[in-house]
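Input: a single structure, listed below in structure tokens.
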There are 2 protein chains.
Amino acid sequence: MVVDKPSEADLDRLFQAFADRTRRDILTRALNAEYSVSELAAHYAMSFAAVQKHVAVLERASLVTKEKRGREQIVRVQVEALRRARRLLDEYEKVWRDRADRIADILTEGMKGQPK
Amino acid sequence: MVVDKPSEADLDRLFQAFADRTRRDILTRALNAEYSVSELAAHYAMSFAAVQKHVAVLERASLVTKEKRGREQIVRVQVEALRRARRLLDEYEKVWRDRADRIADILTEGMKGQPK
DNA sequence: CTTATCTACAACCATTTGGTTGTAGGTTAG
DNA sequence: CTAACCTACAACCAAATGGTTGTAGATAAG
């Protein structure tokens with residue numbers, strides 16, 4: 001029972017978000033501790049605006065949300081989006097496994113039919 | 001024990017490869033049955049060369065290999081690359097879980113220290 | 001209050017991406 | 001053998017991407 005099925009555009013955005021090392025690092029940091037955008041920005045050799053853009057990509061992919069706290073925006077990881085990506089990869093592997101099993105079955109049946 | 005640690009560039013390419021619906025569909029098809037590049041191309045409303053490009057992206061991400069069979073190139077999924085992506089997502093989730101546990105511990109300790 | 005910090009947003013730029021059409025060589029079927 | 005099929009590769013193009021600098025408004029610290 002799948003309550004929310006991500007659209008293709010959602011999945012595009014989701015995997016696109018992971019396809020940049022800075023963004024992967026932002027996710028790791030934000031998973032480990034609470035960070036504001038500027039605290040995150042201090043860790044990267046790029047302009048603040050560049051880091052903002054990365055955070056915006058993550059936000060658009062539903063991987064993070066921003067929570068205003070005074071003059072700061074705290075970046076919070078949304079683990080449900082992580083799980084969505086993982087589920088797709090799980091399914092690929094399941095298809096692969098099913099097919100490997102099917103091939104093994106065919107080979108077994110083939111050998112049974114051989115002695116006749 | 002991690003025998004082969006993917007580079008950041010590898011991971012960029014890997015997730016980038018998933019970030020397009022046609023490429024995700026190619027992976028699904030190639031996981032389900034054996035396809036040549038032109039058989040794959042027949043399923044998409046785009047030029048053959050466009051599909052070739054998509055296959056090249058998947059190849060560059062180590063998600064598929066091409067095996068020449070006569071005048072055809074058969075597209076084979078490399079499940080190890082799939083697993084690599086999945087492992088990264090698993091690690092994110094582990095970090096998340098560890099942190100959730102740590103927060104629960106702190107709250108429990110905090111309540112213990114309350115009555116004093 | 002003033003200054004410092006934090007952020008949103010815009011405009012710019014070089015590179016990359018996801019598509020196109022075209023050319024040409026190799027393999028297969030009839 | 002010829003025609004059909006399959007592929008590699010190139011050149012092109014519009015849009016997107018990952019960075020830059022600049023401007024301006026809001027919040028916090030002193």
Side-chain angles (χ1 to χ4, degrees), chain A residues 7-30 33-77 85, chain B residues 7-30 33-77 85:
Chain A
S7 71
E8 295 293 340
D10 287 337
L11 290 171
D12 289 351
R13 280 191 295 268
L14 190 52
F15 285 108
Q16 179 64 35
F18 287 118
D20 178 85
R21 67 203 59 180
T22 302
R23 289 201 289 274
R24 290 198 296 277
D25 197 65
I26 288 171
L27 275 176
T28 301
R29 289 179 188 283
E34 197 172 82
Y35 282 93
S36 66
V37 177
S38 60
E39 280 164 345
L40 286 170
H43 287 100
Y44 306 109
M46 67 183 69
S47 66
F48 174 78
V51 176
Q52 270 189 312
K53 276 193 168 182
H54 283 307
V55 171
V57 170
L58 292 169
E59 201 175 5
R60 184 115 202 285
S62 306
L63 281 161
V64 302
T65 51
K66 291 197 297 186
E67 175 190 314
K68 194 165 175 59
R69 198 211 282 147
R71 65 192 175 187
E72 293 185 314
Q73 291 275 14
I74 306 302
V75 177
R76 293 196 189 286
V77 179
Chain B
S7 71
E8 295 294 341
D10 288 337
L11 290 171
D12 289 352
R13 279 190 293 266
L14 190 51
F15 285 107
Q16 180 64 36
F18 287 118
D20 178 86
R21 70 203 59 179
T22 302
R23 288 202 289 274
R24 290 199 294 277
D25 196 68
I26 288 171
L27 275 176
T28 301
R29 288 180 192 278
E34 196 170 82
Y35 283 94
S36 67
V37 177
S38 60
E39 280 164 345
L40 286 170
H43 287 99
Y44 307 110
M46 66 183 67
S47 66
F48 174 78
V51 175
Q52 269 190 313
K53 277 193 164 177
H54 283 307
V55 171
V57 170
L58 291 168
E59 204 177 3
R60 188 125 196 279
S62 305
L63 280 162
V64 302
T65 52
K66 289 196 297 182
E67 177 191 314
K68 195 166 174 60
R69 199 211 284 147
R71 65 193 176 184
E72 293 186 313
Q73 291 274 14
I74 305 301
V75 177
R76 294 197 189 287
V77 179

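Order of the sequence lines sets the chain letters (A, B, ...), proteins ahead of strands, with each chain counted from 1.
Closest contact between the side chain of B:Gln73 and the listed nucleotides D:dA8, C:dT7, C:dT20 involves D:dA8. Among the nucleotides D:dT7, C:dG18, D:dG19, the one closest to any side-chain atom of B:His54 is C:dG18. Of the listed nucleotides (D:dA29, D:dT7, C:dT27), C:dT27 has the atom at the smallest distance from the side chain of B:Arg71. Nearest nucleotide to the side chain of B:Lys53, out of C:dG18, C:dA4, D:dC9: C:dG18. Of the candidate nucleotides D:dG22, D:dT7, C:dA8, D:dG22 has the atom nearest to the side chain of A:Ala49. Proximity note for B:Asp20 (side chain, C-beta onward) versus C:dG18, C:dA10, D:dA8: the nearest is C:dG18.
Summarising the geometry, the separation between OH on B:Tyr35 and C1' on D:dT7 is reported as 19 Å, rounded to the nearest angstrom. For the pair A:Phe48 CZ and C:dA4 C1', the interatomic distance rounds to 14 Å; values are reported in whole Å. Here the P atom of nucleotide C:dT7 and the CD atom of A:Glu59 are 13 Å apart, to the nearest Å. The distance between atom NZ of B:Lys66 and atom P of D:dC6, rounded to the nearest whole Å, is 15 Å. Between the CE atom of B:Met46 and the P atom of C:dT17 there is a distance of 16 Å, given to the nearest Å. We find that CZ of B:Arg60 is positioned 12 Å from C1' of C:dT16, with the value rounded to whole Å. Atom P of nucleotide D:dG18 and atom CG of A:Asp25 are separated by 15 Å, given to the nearest angstrom. Here the P atom of nucleotide D:dT17 and the CG atom of B:Asp12 are 14 Å apart, to the nearest Å.
Not one N or O on the side chain of A:Asp10 forms a donor-acceptor pair closer than 3.5 Å with the backbone of A:Ala61.
Residue B:Gln52 has no polar side-chain atom (N or O) positioned under 4.0 Å from OP1 or OP2 of C:dG19. Contact annotation: A:Ser47 does not reach the phosphate of D:dG19 (side-chain N/O to OP1 or OP2, under 4.0 Å).
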> Hey, mind stepping through A:Arg69 and A:Glu34 against salt bridge (charged side-chain N to carboxylate O under 4.0 Å, His left out) and telling me if it holds?
Replying inline: CA-CA 12 Å; A:Arg69 198 211 282 147; A:Glu34 197 172 82; 2.4 Å; yes
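No side-chain heavy atom of B:Lys66 sits less than 4.5 Å from a side-chain heavy atom of B:Ile74.
Ring geometry, A:Tyr35 versus A:His43: the interplanar angle exceeds 60°, so the pair is classed perpendicular (tilted spans 30 to 60°).
Remark on DNA chain D: of its neighbouring residues A:Lys68 and A:Ala45, the 5'-side contact belongs to A:Ala45, judged by nearest-heavy-atom nucleotide.
Within the 4.0 angstrom heavy-atom criterion, only backbone atoms of the sugar-phosphate kind lie near A:Ser38; the bases stay farther away. Across all strands shown, A:Arg23 has heavy atoms under 4.0 Å from sugar-phosphate atoms exclusively, and none from any base. The residue B:Gln16 sits close only to the backbone: its heavy atoms come under 4.0 Å of sugar-phosphate atoms, none of a base.
A side-chain contact (heavy atoms from CB on, under 4.5 Å) with B:Leu58 holds for exactly one of B:Val77, B:Thr65, B:Val75, B:Leu63; it is B:Leu63.
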